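Letters A, B, ... mirror the listed sequences (proteins, then strands); counts begin at 1. If you're wondering where the values come from, they're calculated on a predicted model, not measured in any experiment.
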There are 2 protein chains.
Amino acid sequence: MDISPRKKKILAAVVDEYIRTAEPVGSKTIAAIADLGCSSATIRNELSELTALGYLEQPHTSAGRIPSPHGYRFYVNELMERQKLSIEETETINQRLNQKMEQLDRLMSDAGRLAGQLTGYPALTLSAPRAATAKRFDLLYIDANTFIIVLLLGNNTVKNKLVHLPFSVEQGQIQKLAALFNAGFTNIPEEEITPVLISATERAARDTMGLTSIIAAYTIEALSQSREGAAFVTGESSLLRQPEFRDPDKAHRVISYLSDSQHLMGLPGKATDDSVRVIIGPENVAEELRDSSVVMASYDAGAGQRGLIGVVGPLRMDYSAVAAKLQYIADGLSRLLGAGEAPAGFGKMILKGDISDDEHGTD
Amino acid sequence: MDISPRKKKILAAVVDEYIRTAEPVGSKTIAAIADLGCSSATIRNELSELTALGYLEQPHTSAGRIPSPHGYRFYVNELMERQKLSIEETETINQRLNQKMEQLDRLMSDAGRLAGQLTGYPALTLSAPRAATAKRFDLLYIDANTFIIVLLLGNNTVKNKLVHLPFSVEQGQIQKLAALFNAGFTNIPEEEITPVLISATERAARDTMGLTSIIAAYTIEALSQSREGAAFVTGESSLLRQPEFRDPDKAHRVISYLSDSQHLMGLPGKATDDSVRVIIGPENVAEELRDSSVVMASYDAGAGQRGLIGVVGPLRMDYSAVAAKLQYIADGLSRLLGAGEAPAGFGKMILKGDISDDEHGTD
DNA sequence: ATTAGCACTCGGAATGTGAGAGTGCCAGCA
DNA sequence: TGCTGGCACTCTCACATTCCGAGTGCTAAT
């Protein structure tokens with residue numbers, strides 16, 4: 001069932017105005033802002049039909065109309081005009097993205113922060129989980145009681161761990177172990193690292209001190225970590241600025257839901273190939289988000305992985321502006337992280353590389 | 001100027017009761033709960049004197065009294081009875097702490113989460129910044145276009161970075177660079193890594209392709225990162241459950257202040273050797289926290305570093321319970337991370353070790 | 001010094017009132 | 001048939017008013 005062009009115009013006007021003001025909008029207001037050549041009375045008729053069709057709601061008899069979730073959906077699908085970013089906005093984004101990208105996780109949370117600041121909503125970033133394999137082992141001999149495990153994973157992630165031993169070990173022993181692990185533990189999935197394999201290696205290495213187990217345990221840990229993916233949320237408190245979250249309980253529900261990265265990982269549901277996805281209120285699987293909307297854009301995180309960056313806000317969200325901004329940021333991230341083009345120059349290399357992390361020793 | 005024992009008792013009663021109920025407490029209530037053998041009229045007199053002394057305030061003429069920041073301070077210093085934790089509580093803490101401590105930063109944020117859940121307030125964890133030096137360089141040759149920088153810092157932190165090159169390089173060249181860096185860049189403070197040193201090294205290595213700069217730049221980055229320390233906040237939204245933060249604006253101010261790790265790093269002010277520190281409302285340096293209180297406990301993070309774990313809440317905080325819990329958690333962390341005892345066994349080693357991180361490559 | 005009694009104050013809940021915005025409907029008009 | 005102006009009706013919100021009770025401060029008595 002199609003609805004007339006005039007209805008569409010009116011619906012769009014209601015949504016736009018409501019997004020702007022957060023107040024129910026009445027027939028008169030619409031007559032004033034949208035110049036369709038007809039009076040408020042006509043619009044009243046149209047409004048009541050739109051209400052009957054389920055696109056609009058009225059909080060009470062003598063208030064204006066507000067869009068229903070259905071109305072928002074229709075707006076997002078058909079009415080919304082793709083917004084262009086201003087020069088300054090694109091400038092800001094480019095600058096901020098290029099600024100400092102030393103670490104991947106830092107980059108993710110920075111990009112999230114950026115999205116949050118630009119849109120005024122809490123932002124979230126997700127990196128898709130993916131099973132990885134070990135690609136290469138290095139064991140760096142530091143001294144008789146200390147060595148470092150450096151593990152290069154299939155997704156070009158490097159993990160490391162400093163190991164202190166309560167006994168001495170020789171460099172030759174370490175080297176032998178590295179060779180055995182490179183032979184036996186590379187390019188196999190996590191579940192194939194079995195106790196059988198480990199004890200076989202242990203025997204081959206004539207390792208009586210449990211070094212093999214240490215390295216194997218760390219390998220498993222590193223693999224399972226890289227399988228988990230990562231999630232960040234920033235700017236949770238900006239929700240509180242939205243009138244629809246003035247109720248602290250409501251805000252609390254949403255924010256604490258967002259604080260659990262378990263929840264976040266499940267948020268996107270199954271992937272689609274839309275570049276920008278909009279989930280409106282009740283469309284959310286999670287109970288807690290049933291009166292919030294989520295807008296997410298996906299980006300190419302390199303090494304065949306995709307990541308998501310998005311924001312959470314009230315139903316009355318400026319979908320058009322938010323979508324445009326997220327899209328732009330996601331494109332920027334894809335450009336920075338994505339595969340395809342060869343690294344162009346020095347700066348680029350530095351940008352891409354890295355990560356790292358700490359190891360706390362005992363002494 | 002000393003105050004009478006009875007005044008102390010009354011003050012303690014007011015604070016305890018107000019902490020419990022969040023309602024101004026009147027003379028009658030005190031007469032009922034604290035059994036000093038006197039009537040409400042007497043207590044009224046005492047109350048008005050305590051008010052004159054600045055320990056109490058009244059929101060308005062015909063309301064009960066609430067503690068002033070001064071009153072809280074006096075309470076914390078002299079009246080508060082050190083609370084014991086219940087068996088279950090210590091159990092929970094022990095369990096949760098021992099559970100999984102794979103990564104240092106994960107451990108920090110987990111401990112924060114634990115503190116937050118136990119106390120019901122937003123929790124923060126800080127690791128003290130400390131200048132570090134490079135202790136050892138390793139450059140792992142992967143293929144003609146790829147190598148890994150592994151950097152062992154003075155505080156036994158390991159950092160790494162995967163570097164992709166748009167040109168080829170030989171293994172010998174990489175080894176030569178590693179030797180040069182180990183000779184010239186180890187055990188010197190960050191600021192001595194000057195362009196002069198770098199270009200000297202570059203010449204010595206006959207490096208015409210900028211490899212030296214890449215490694216030096218990464219070294220500087222790693223050092224400055226480890227100098228920055230780290231800060232986490234979790235459970236921000238639990239502030240919203242407190243009646244004094246029902247005003248979304250107020251809550252928003254505090255939460256967004258806490259979201260900035262720059263702010264957090266400066267929060268503790270100069271260190272004291274108290275094991276638990278309490279900062280009450282106006283004692284906070286930060287404007288934004290002037291009507292919140294902060295309780296922090298410090299722990300031994302190993303390698304001569306100290307960390308802080310704390311919570312933020314309203315003035316009306318259960319200082320006694322919160323302090324006890326934080327203290328216990330901090331002790332647990334010290335036990336797990338701290339220096340002193342040698343690693344006892346296998347599990348212990350695994351616990352202490354580690355960290356790691358990711359590197360995103362291009363292909 | 002302590003207490004009981006009492007007048008007084010003040011904030012908050014409850015209630016009442018009015019204004020305004022917006023609707024729905026109807027009758028007239030193109 | 002579709003649009004418009006007019007009008008009565010409804011409902012909420014803001015504001016004013018009232019009322020109640022908790023709690024104080026004071027005073028006089030013990």
Side-chain angles (χ1 to χ4, degrees), chain A residues 2-11 13-18 20-68 71 243-244 246-247, chain B residues 2-11 13-18 20-68 71 243-244 246-247:
Chain A
D2 250 349
I3 65 177
S4 74
R6 191 169 67 188
K7 277 202 181 55
K8 286 186 184 175
K9 256 188 158 174
I10 291 178
L11 180 52
V14 173
V15 176
D16 284 333
E17 188 64 7
Y18 184 64
R20 212 173 56 80
T21 63
E23 302 279 318
V25 352
S27 52
K28 236 183 234 169
T29 321
I30 298 177
I33 55 166
D35 50 4
L36 6 129
C38 64
S39 81
S40 67
T42 313
I43 295 175
R44 273 204 288 284
N45 289 327
E46 298 283 50
L47 282 179
S48 88
E49 287 179 48
L50 281 168
T51 309
L53 291 171
Y55 293 112
L56 296 177
E57 293 172 349
Q58 26 186 181
H60 56 265
T61 338
S62 78
R65 304 301 211 287
I66 62 174
S68 71
E244 27 275 279
R246 292 208 71 80
D247 172 14
Chain B
D2 250 345
I3 64 175
S4 74
R6 191 170 65 191
K7 278 203 180 57
K8 285 186 184 174
K9 258 188 157 174
I10 293 178
L11 180 51
V14 173
V15 176
D16 284 332
E17 189 63 9
Y18 184 62
R20 211 174 55 80
T21 63
E23 301 279 319
V25 353
S27 50
K28 233 183 240 171
T29 322
I30 298 178
I33 55 166
D35 51 2
L36 3 131
C38 63
S39 79
S40 67
T42 313
I43 294 173
R44 274 204 288 285
N45 290 325
E46 298 284 50
L47 282 179
S48 87
E49 286 179 50
L50 282 168
T51 309
L53 290 171
Y55 292 111
L56 297 177
E57 293 173 347
Q58 25 188 181
H60 56 265
T61 336
S62 77
R65 304 299 211 287
I66 62 173
S68 70
E244 27 275 279
R246 293 208 71 81
D247 173 14

Quiz item: Hey, what do you get for NZ (B/Lys8) to OH (B/Tyr55), rounding to the nearest 0.5 Å?
Solution: 9.0 Å

Exercise. Work out which heavy atom in B/Glu244 is nearest to a heavy atom in B/Tyr18; give both atom names and the distance.
Key: OE1-OH, 4.3 Å

Quiz item: Roughly how many Å is it from CD in B/Glu49 to P in D/dG25, rounded to a whole number?
Solution: 11 Å

Distances under 3.5 Å between nitrogen or oxygen atoms of protein and nucleotides 1-11 of chain C:
{"unit_1": "C/dT2", "atom_1": "OP1", "unit_2": "B/Arg6", "atom_2": "NH1", "d": "3.0"}
{"unit_1": "C/dT2", "atom_1": "OP2", "unit_2": "B/Arg6", "atom_2": "NH2", "d": "3.0"}
{"unit_1": "C/dT3", "atom_1": "OP2", "unit_2": "B/Ser39", "atom_2": "N", "d": "2.9"}
{"unit_1": "C/dT3", "atom_1": "OP2", "unit_2": "B/Thr42", "atom_2": "OG1", "d": "2.2"}
{"unit_1": "C/dG5", "atom_1": "O6", "unit_2": "B/Arg44", "atom_2": "NH2", "d": "3.2"}
{"unit_1": "C/dC10", "atom_1": "O2", "unit_2": "B/Ser62", "atom_2": "OG", "d": "3.0"}

Quiz prompt | Least distance between heavy atoms, B/Ile66 atom then B/Pro24 atom | solution = CG2-CA, 3.7 Å

Quiz item: A/Leu36 has an atom CG; how far is it from atom P of D/dG2, in whole Å?
Solution: 17 Å

Exercise. Let me see the working for A/Arg6 and A/Ile10 under side-chain contact (heavy atoms from CB on, under 4.5 Å), right down to the final yes or no.
Key: CA-CA 6 Å; A/Arg6 191 169 67 188; A/Ile10 291 178; 4.2 Å; yes

Quiz item: Which residues satisfy the salt bridge (Lys or Arg N to Asp or Glu O under 4.0 Å) test with B/Glu57, sequence neighbours excluded?
Solution: none

So which protein N/O to nucleotides 15-20 of chain D N/O distances come out below 3.5 Å?
none

Quiz item: In whole angstroms, how far is the P atom of D/dT24 from the CG atom of B/Leu56?
Solution: 11 Å

Self-check item: Non-neighbouring partners of B/Gln58 that pass side chain to side chain donor-acceptor pair (under 3.5 Å), sequence neighbours left out
Solution: none

Quiz item: How long is the gap from CG on A/Leu50 to CG on A/Asn45, to the nearest 0.5 Å?
Solution: 11.0 Å

Quiz item: Counting only non-hydrogen atoms, which of residues 20-29 of chain B are less than 4.0 Å from DNA chain D?
Solution: B/Gly26, B/Ser27

Could you list the donor-acceptor pairs under 3.5 angstrom formed by side chains in residues 26-33 of chain B, with sequence neighbours left out?
{"unit_1": "B/Ser27", "atom_1": "OG", "unit_2": "B/Arg44", "atom_2": "NH1", "d": "3.3"}

Quiz item: Would you call A/Thr51 and A/Glu46 a side-chain contact if the rule is heavy atoms closer than 4.5 Å?
Solution: no

Self-check item: Distance in Å, A/Lys7 NZ paired with A/Ile43 CD1, rounded so as to fall on 0.5 Å steps
Solution: 12.0 Å

Quiz item: Between A/Gln58 and C/dG24, does any side-chain N or O lie under 4.0 Å from OP1 or OP2?
Solution: yes

Quiz prompt | Between P of C/dG22 and OH of A/Tyr18, the distance in whole Å | solution = 14 Å

Quiz item: How many angstroms lie between atom CG of A/Leu47 and atom OG of A/Ser40, to the nearest 0.5 angstrom?
Solution: 10.0 Å

Exercise. Figure out the CZ/P separation between B/Arg65 and D/dG25, and round it to whole Å.
Key: 5 Å

